[in-house]
Amino acid sequence: MIRFLHKVAKPFTSVAQSQINFPKHLKPTRINLSLKSYLNSNPTKTILLFSDLLRKKISAVDSYSLLYVIKACAKKSMDTEGKQTHTLVIKLGYEPIIFLQTSLMDMYAATTNKPYRAIEVFRQMQMDGVEPDQVTFTVALSACADMGALDKGVWIHDLISRKPEFSEDLSLMNSLVNMYVKCGDIRKAMLVFDNIRVKDVRTWTSMIVGHALHGQAEEALRLFSTLEEENKLRSSQSRGTKDQLLVPNDVMFIGVLMACSHAGMVEEGKRYFRSMIEEYGIKPRLSHFGCMVDLLCRLGLLKEAYSFILAMPIQPNAVIWRTLLGASGVHGNEELAAVAQSKLRELNASLVGDDVALSNIYAAKGMWEEKIMLRHEMTQRRTPGCSSVEVGKLHS
DNA sequence: CTAGGGTTAG
C-alpha cells in the first residue's frame, strides 16, 4: 500500500497553481506525460511517482495527473490507492470533471469485487448534478452486467432513452446488450440487438454468448451462421464492401464453443474448433481448449477429454484438470480422477473440494483403503501460509 | 505536447 493522502498539506487549487513558478521539468504537463508514459510499461511507477510528488509537497498535479493515477490503480488492482485518489479528487474539488468520475467508476469495477461501488459513484454524480455522458453510461452498464443487477441496468437504460442521440454510440449499445444478457433478460437483449443498425463484431459476440448462456444453442449457432453468410455475400460483391466484413474473432468462438458445450453438440463443437483454426487462422487460447474439454466431459467422453488435454500445445491450467476431475466423479472413473487430482497437486492448485471429489468416488466404489490413504495425505498436506483467501483467487 | 468506454471457458 502506498500512502500519500496524509502528506497533502493543503488542497490544491488552480489559483495556487498559477502563482507558483515551477522549474520547467516540474510543470504539470511535463509530469503528466511521465505519469502517462509509465501507464503502459509500469503502472506501479505511475503511482509511486505521483505519491513522491505529493510527499515533496509539490502541487504540480492537476486533473490529468489524477486521471493517470486512477488508471494505474485500475490496472494494478490497487484498491486502497484508488480509494485514496478518489478522496483526493473530492478534496481538490474535481468532482465535476466527468473524465475523472468515469475512470473512478471503471477503477472500482476493476479493483473491488463489488462493482456496486462504481454504481455508487454514478449515483453520487446524479445527486451532485453532474451530467453523465455516453462513456459514463457505458461504464455504468458494464458494472450492472458484472453484478447481474437488472433493476439498476433498466434504470440506466431509461436514463439513456431520454437522449436519442446516444443510440448512435455503438460502444454504449454493445454495453446495453451485454447488460441484458448478463442480467438474464435475453428478450430485451435481442430487442436492443435488433435495433442496432450498424453492428460490429462485439455486438454479435455479446448476442451469441447471450444465447449460449441461456441454453439457446441453436439460436447462438444460427446467429453465427447468419454472420458467416453475410460475410460471404459481401466478399463476393464489389470491393467496397470488403472492409465491412465482420470477421469472427477468438472471443466470438468462445461463445460458439460455449453454445456447443451447453447443448452437448460434440461433433459441431469439434467442427467449429477446427474451422476456427484452419479457416479463420485463430490460435486457440486456454479458454478455447477449456470449452472443448468441458464439451467432451459433459458427454462423459473422459478418455477423449484426457487425450485432448495431453495433446494441448499449451500447459493446461487447474480449471481444465478440475473439469476432468469433476466429470470423472460424475461418471465414476476413479483412475482419471486420480490422474486429474495429482495434476492439480503438481500445479499446487488443489482445493479442499478436489480431495472431497476423489474421496467421494472412492467411497462410492467401496475403495476404503484408498479413501483412508487419501484422508491421511490430506491431513499431512496442510501447508502453512496457504489461506482460503489466496486459494480463492483461482475462482475469479 | 495530455483526459474516460463495449465482447472472453468453469
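So you know, we letter chains A, B, ... as the sequences are listed, proteins then strands, and number each from 1.
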- Is there a residue in residues 148-171 of chain A whose heavy atoms reach under 4.0 Å of DNA chain B, and which residues are they? A:D169, A:L170, A:S171

- Message: Just to be sure I understand the rule, does A:I70 reach a base, reach only the sugar-phosphate, or reach nothing, if contact means heavy atoms closer than 4.0 Å?
- Response: nothing

- Non-neighbouring partners of A:R274 that pass side-chain hydrogen bond (donor to acceptor under 3.5 Å, both in side chains), sequence neighbours left out: none

- For the pair A:D79 and A:K83, evaluate salt bridge (charged side-chain N to carboxylate O under 4.0 Å, His left out) and give the outcome as yes or no after the intermediate values. CA-CA 6 Å; A:D79 57 324; A:K83 183 82 192 72; over 6 Å; no

- A:F99 over B:dG4, stacked by centroid distance under 5.5 Å, angle under 30°: no

- Query: Do A:F273 and A:F289 have their ring centres less than 6.0 Å from each other?
  - Reply: yes

- Item | Candidates B:dT2, B:dT8, B:dG5 - which lies nearest the side chain of A:V251 | B:dT8

- Message: Using ring centroids (six-membered ring only for Trp), state whether A:H157 and A:Y180 fall under 6.0 Å.
- Response: yes

- Message: Give the residues of residues 308-317 of chain A touching DNA chain B, defined as any heavy atom closer than 4.0 Å, sorted by residue number.
- Response: A:N317

- Dot-bracket for DNA chain B, 5' to 3', counting Watson-Crick or G-U wobble pairs under 3.5 Å, with [ ] for crossing pairs and | for inter-strand pairs? ..........

- Task: Would you classify A:Q134 as touching base, sugar-phosphate or nothing, given that sugar-phosphate means primed atoms plus P, OP1 and OP2, and contacts are heavy atoms under 4.0 Å?
- Result: base

- Among B:dT7, B:dG10, B:dG4, the one nearest A:T102 by side-chain distance: B:dG4

- Ordered by number, residues from residues 282-299 of chain A within less than 4.0 Å of DNA chain B (heavy atoms) are A:R285, A:L286, A:S287, A:G290, A:C291, A:D294, A:R298

- Message: Determine whether the aromatic ring centres of residues A:F224 and A:Y272 are separated by less than 6.0 angstrom.
- Response: yes

- Query: How many Å lie between CE on A:M207 and P on B:dT8, as a whole number?
  - Reply: 13 Å

- Per A:V319 side chain, nearest of listed nucleotides B:dC1, B:dG10, B:dG4: B:dG10

- Message: Between A:L172 and A:S167, is there a side-chain heavy-atom distance shorter than 4.5 Å?
- Response: no

- Query: Is the charged tip of A:R222 near the ring of A:W204: under 6.0 Å from the six-membered ring centre and within 45° of its axis?
  - Reply: no

- Side-chain donor/acceptor contact of A:T205 with base of B:dT7 under 3.5 Å: yes

- Message: Tell me if the side-chain of A:T136 makes a donor-acceptor pair with the base of B:dG4, cut-off 3.5 Å, by modelled atom types.
- Response: yes

- Message: Would you say A:H211 places a side-chain N or O within less than 4.0 Å of OP1 or OP2 belonging to B:dT7?
- Response: no

- With distance as the sole test, does A:E95 use its side chain to make a donor-acceptor pair with the main-chain N or O of A:D128 at under 3.5 Å? no

- Message: Just to be sure I understand the rule, does A:S206 reach a base, reach only the sugar-phosphate, or reach nothing, if contact means heavy atoms closer than 4.0 Å?
- Response: sugar-phosphate

- Note on the structure: Sequence neighbours excluded, the answer for side-chain hydrogen bond (donor to acceptor under 3.5 Å, both in side chains) partners of A:D151 is none

- When the distance from CZ of A:F137 to P of B:dG4 is rounded to whole Å, what number comes out? 19 Å

- Message: On the nucleotide B:dA3, are OP1 or OP2 found under 4.0 Å from the side-chain N or O atoms that A:K71 carries?
- Response: no

- How close or far is atom C1' of B:dG5 from atom CD1 of A:I119, stated in whole angstroms? 14 Å

- Taking atom C1' of B:dG5 as reference, at what distance in whole Å does atom CG of A:L104 sit? 15 Å

- Query: When the ring centroid of A:F253 is compared with that of A:Y280, is the distance short of 6.0 Å?
  - Reply: yes

- Rounded to the Å, how far apart are A:M107 CE and B:dA3 C1'? 16 Å

- Message: Please check: side-chain N/O of A:S275 versus main-chain N/O of A:R271, any donor-acceptor pairing under 3.5 Å?
- Response: no

- What is the nucleic acid contact for A:D250, judged by heavy atoms within less than 4.0 Å: base, sugar-phosphate only, or nothing? nothing

- Message: For A:D250 and A:R285: C-alpha separation, side-chain torsions, deciding distance, then whether salt bridge (charged side-chain N to carboxylate O under 4.0 Å, His left out) applies.
- Response: CA-CA 8 Å; A:D250 51 343; A:R285 285 185 287 116; 3.2 Å; yes

- Message: Let's see if you can work this out: which of B:dG5, B:dA3, B:dT7 has an atom nearest to the side-chain heavy atoms of A:I97?
- Response: B:dA3

- Task: Please state how far atom CG in A:L92 lies from atom P in B:dA3, giving the value in whole angstrom units.
- Result: 20 Å

- Determine, stepwise, if the pair A:D62 / A:T29 fulfils side chain to side chain contact (heavy atoms under 4.5 Å, CB included). CA-CA 9 Å; A:D62 58 11; A:T29 48; 5.7 Å; no

- Item | Listed nucleotide nearest any side-chain atom of A:S63, set B:dT2, B:dA3, B:dG5 | B:dA3

- Answer yes or no: side-chain N or O of A:T138 and base N or O of B:dG5 forming a donor-acceptor pair under 3.5 Å. yes

- Query: How is A:I320 classified with respect to the nucleic acid when contacts are heavy atoms under 4.0 Å: base, sugar-phosphate, or nothing?
  - Reply: base

- Query: In terms of side-chain geometry, is the basic nitrogen of A:R234 or A:E229 positioned less than 4.0 Å from the acidic oxygen of its partner?
  - Reply: no

- Item | Rounded distance in Å - CG (A:L35) to C1' (B:dC1) | 15 Å

- Message: Can you measure A:Y108 atom OH to B:dG4 atom P for me and round it to whole angstrom units?
- Response: 19 Å

- Query: Touch check for A:I98, heavy atoms < 4.0 angstrom, all strands: base, sugar-phosphate only, or nothing?
  - Reply: base

- Task: Going by the side-chain contact (heavy atoms from CB on, under 4.5 Å) test, name the single residue among A:K343, A:R345, A:E346 that passes it with A:W321.
- Result: A:K343

- Task: Using a heavy-atom cut-off of under 4.0 Å over every strand shown, decide if A:L141 touches base, sugar-phosphate, or nothing.
- Result: nothing

- Within 6.0 angstrom of A:K270 NZ, more than 12 heavy atoms from elsewhere: yes

